[in-house]
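The next block holds one structure in the form of structure tokens; read it before the comments.
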Amino acid sequence: MARSPDSPESVPPPIITLLTDFGAADVFVGSMKGVILAINPHAQIIDLTHDIPAHNIRAGAYLLHSASRHFPPDTIHVAVVDPGVGSERRPLLVTTRSYRFLAPDNGLLSYILASEPKAEVRELTAKQYFLGTVGSTFHGRDLFAPAAAWLSLDEPTDAFGPKIDNPVRFEVRQPQVDEGRVVGEVLHIDRFGNLITNISHTLLREAIGTAELLKVRVRIKNTDVQGLRRFYADAPPKTLAALINSDNLLELFCNQGRADKLVNATIGDQVEVKVA
Amino acid sequence: MARSPDSPESVPPPIITLLTDFGAADVFVGSMKGVILAINPHAQIIDLTHDIPAHNIRAGAYLLHSASRHFPPDTIHVAVVDPGVGSERRPLLVTTRSYRFLAPDNGLLSYILASEPKAEVRELTAKQYFLGTVGSTFHGRDLFAPAAAWLSLDEPTDAFGPKIDNPVRFEVRQPQVDEGRVVGEVLHIDRFGNLITNISHTLLREAIGTAELLKVRVRIKNTDVQGLRRFYADAPPKTLAALINSDNLLELFCNQGRADKLVNATIGDQVEVKVA
Amino acid sequence: MARSPDSPESVPPPIITLLTDFGAADVFVGSMKGVILAINPHAQIIDLTHDIPAHNIRAGAYLLHSASRHFPPDTIHVAVVDPGVGSERRPLLVTTRSYRFLAPDNGLLSYILASEPKAEVRELTAKQYFLGTVGSTFHGRDLFAPAAAWLSLDEPTDAFGPKIDNPVRFEVRQPQVDEGRVVGEVLHIDRFGNLITNISHTLLREAIGTAELLKVRVRIKNTDVQGLRRFYADAPPKTLAALINSDNLLELFCNQGRADKLVNATIGDQVEVKVA
């Protein structure tokens, strides 16, 4: 009998996403996929990105939070940016309302944990879900990949290790609000040179007011931007401009250019918003 | 009962391809995949490339046409190179004899439309197929990805928006033919530095004749190449040479080197072919 | 009736992996995937890497061997690093105990053949498994991709061409062992700048002894390293150090830095190990 892809009796493949700093030029990621498929050949493996700057836990944490939330419930997210691999740092399994996350205990899940205060956090200890020999340099392949594959076969989370209550988290810095003035910072610079800040649309509306928002002055590195644009092509070319981006965050950009180069910006640079 | 992957009753997963200028270092593409799978978890998502040079609509148009035609019928192709995102530019759904294409109305489908004069062109307007909130900066995620996923669930194309007859198309420049002389240009430079031209094997045979083809002289930037090679290793190393490539186009190359660096070539450079 | 992904009657999709030097900026790989899916839309296609340095057969051979062994039995591995495409070099189909490999006959399978002395080697000659027109520049798309897709549909290997006994193999150089001294070389430099050598843990234990291993001195380019570390973070920052890596090979690394830059190392550089 024909099985339609959207018929109710058709079980979709379990989804496992991967986010790492392993790059594309080696076969670290390919090896992880082989390990997953050797345990669950039905898994659908999706790459979030493998080009997190090497060892940059904060960048990985930001991008994991940004992308993971678009996936369907029950997706298993594996994140490996792991300079401490092989040391005493614990491997984690975190269960949120919608997802399971597997990652080293080094802050990589900070944004996830900040937005999911009731998440269940476990230390991954159950060796039956790891490869036979776990080395000390590649837990992505030897530990996180096989554990994710076993999870996708519906093994219960409590079989993977004990609950813990002290996962490593870096401080998720919040913008400072002071009399109609908001001071935040650059969180991320994307492939187009756009500067994504930690200042949300919600915060701006509360601190400054919806009516005043179009008249704000945004300052970064002694450069001022007047007002918010509705979209990229709404700004004059080759000048710094600002808008609310697709993650509801204030973003500085340069139509037909790169904002990061225009003002020589880096992650962590201060961004100030106030009514002009 | 065993379900063989090639048994007639087994419905293959719908295929959705993605071509963008989003790069691999961000999670734009990963977010699009999440949105697609949240609507149709059975979709098989295939990357064509995400390394179109930022905002380069012509390069995207060429590579989309080159790759898309190899896919099985009913494949859904999503292409997003979209400097005008959020402005008045329309989102399109184009149905050809074999495929559906979703793309911004900015010329990205120029080669597709040139080779499919009877294609049906619709403006994507049906908001029920978009994400709940469509922002103004990331239509790949908010609009094209969900529309592609709904299409893959067999929603009828006429539900997505009205037919239009004036999609934006850039001129697909044809080589000039003049008394046994063909003048075209460099369309694309690939990863190996090969220079792909807009001069087809078919045109050369018509303009110059099959018998004469092996004796042609190809000129680019004051450098002459005598005759056509059968394959790359057929040419002496480190010199400019020419052949008919896998897309039936005249291509200049350098065995064990890069043709683009050898003659300092860029896209748009003139290429002349005549009988030596 | 519900079909569980792990129920015994559920046949997993056949897996086809791809390893090439085609890069991500072109659509060579996307075109290969289209060809595969047009023949077998059920195939699960997995990228090992497409960033083998252009034409570097040795790098491709090493990474193919490293990654392929993690995949489940019956995986079909396609490897294309093929500077001689279109020339007389033969296309190969190699069957090992667990896998089938499709690759040009230029040494790319040297490590596979070295570790699988009883592998069956065939020349791919059966044109019914190729695209209708096989060009002379892109056998990845015209020949290897369709042959892999047909193999995944359970066509018998002996239908693809005759057995041969003289595949091209480069010498897999073995380290020299001499009175408690082992001399090998750098096989591969990974994305983090780590130097992977051809000296295995097994060989070191035999040549030097397990007890002495922690006291060895490793020398590369007049720089000495004392002892082996257990993991990367076990070494002081910014200095050269050594460990046994996840492939059981001696690896030189620099915690919080790049070993390749620290000692200006390249592939082929000599590495000496002896008891200090």
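Given the structure is predicted, the values throughout are model-derived calculations rather than measurements. First the proteins, then the strands, lettered A, B, ... as listed; each starts at 1.
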Positive for side-chain contact (heavy atoms from CB on, under 4.5 Å) with K33(B), one of T17(A), I15(A), I46(A)
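The single option meeting the side-chain contact (heavy atoms from CB on, under 4.5 Å) with K33(B) is I46(A).
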Nearest heavy-atom pair of [X] and [Y]: which atoms, and what distance?
X: A233(A); Y: P83(B); value: CB-O, 4.0 Å
X: H42(B); Y: P13(A); value: ND1-CD, 4.1 Å
X: V85(B); Y: F231(A); value: O-CB, 3.3 Å

Return yes when atom CD of E88(B) has more than 12 non-hydrogen atoms of other residues, nucleotides or ligands closer than 6.0 Å, and no otherwise.
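It does not: E88(B) CD has 12 such atoms or fewer within range.
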Within the supplied structure, the quantity of interest is the number of heavy atoms (other residues, nucleotides, ligands) at a distance under 6.0 Å from R173(B) CZ; does it exceed 12?
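No, not enclosed.
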Looking at R230(A), Q256(A), E251(A), R229(A), which has the largest count of heavy-atom pairs under 4.5 Å with chain B?
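Heavy-atom pairs under 4.5 Å are most numerous for R230(A).
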Applying a criterion of heavy atom separation less than 4.5 Å, what residues of [range] form contacts with chain A?
range: residues 20-32 of chain B; result: D21(B), F22(B), G23(B), A24(B), A25(B), D26(B), V27(B), F28(B), G30(B), S31(B)
range: residues 90-102 of chain B; result: none
range: residues 131-145 of chain B; result: S136(B), T137(B), F138(B), R141(B)

In terms of heavy-atom proximity below 4.5 Å to chain B, should L243(A) be classed as side chain, backbone, both, or neither?
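Side chain only.
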What part of D190(A) gets closer than 4.5 Å to chain B, counting heavy atoms only: side chain, backbone, both or neither?
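D190(A) touches chain B through backbone and side-chain heavy atoms alike.
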Quick one: pull up NE2 in H70(A) and CD1 in I36(B) and give me the separation to the nearest 0.5 Å.
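If we round to the nearest 0.5 Å, H70(A):NE2 and I36(B):CD1 are 12.5 Å apart.
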To the nearest 0.5 Å, tell me how far D47(A) CG sits from I45(B) CD1.
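Taking CG in D47(A) and CD1 in I45(B), the distance rounds to 11.0 Å.
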Of all residues at least two apart in sequence or in a different chain, which pass the salt bridge (charged side-chain N to carboxylate O under 4.0 Å, His left out) check with R69(B)?
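With neighbours one apart ignored, the set is D247(B).
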Look only at the side chain of Q44(A) and the backbone of A43(B), and say whether a donor-acceptor pair between them is shorter than 3.5 Å.
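Yes: the side chain of Q44(A) pairs with the backbone of A43(B).
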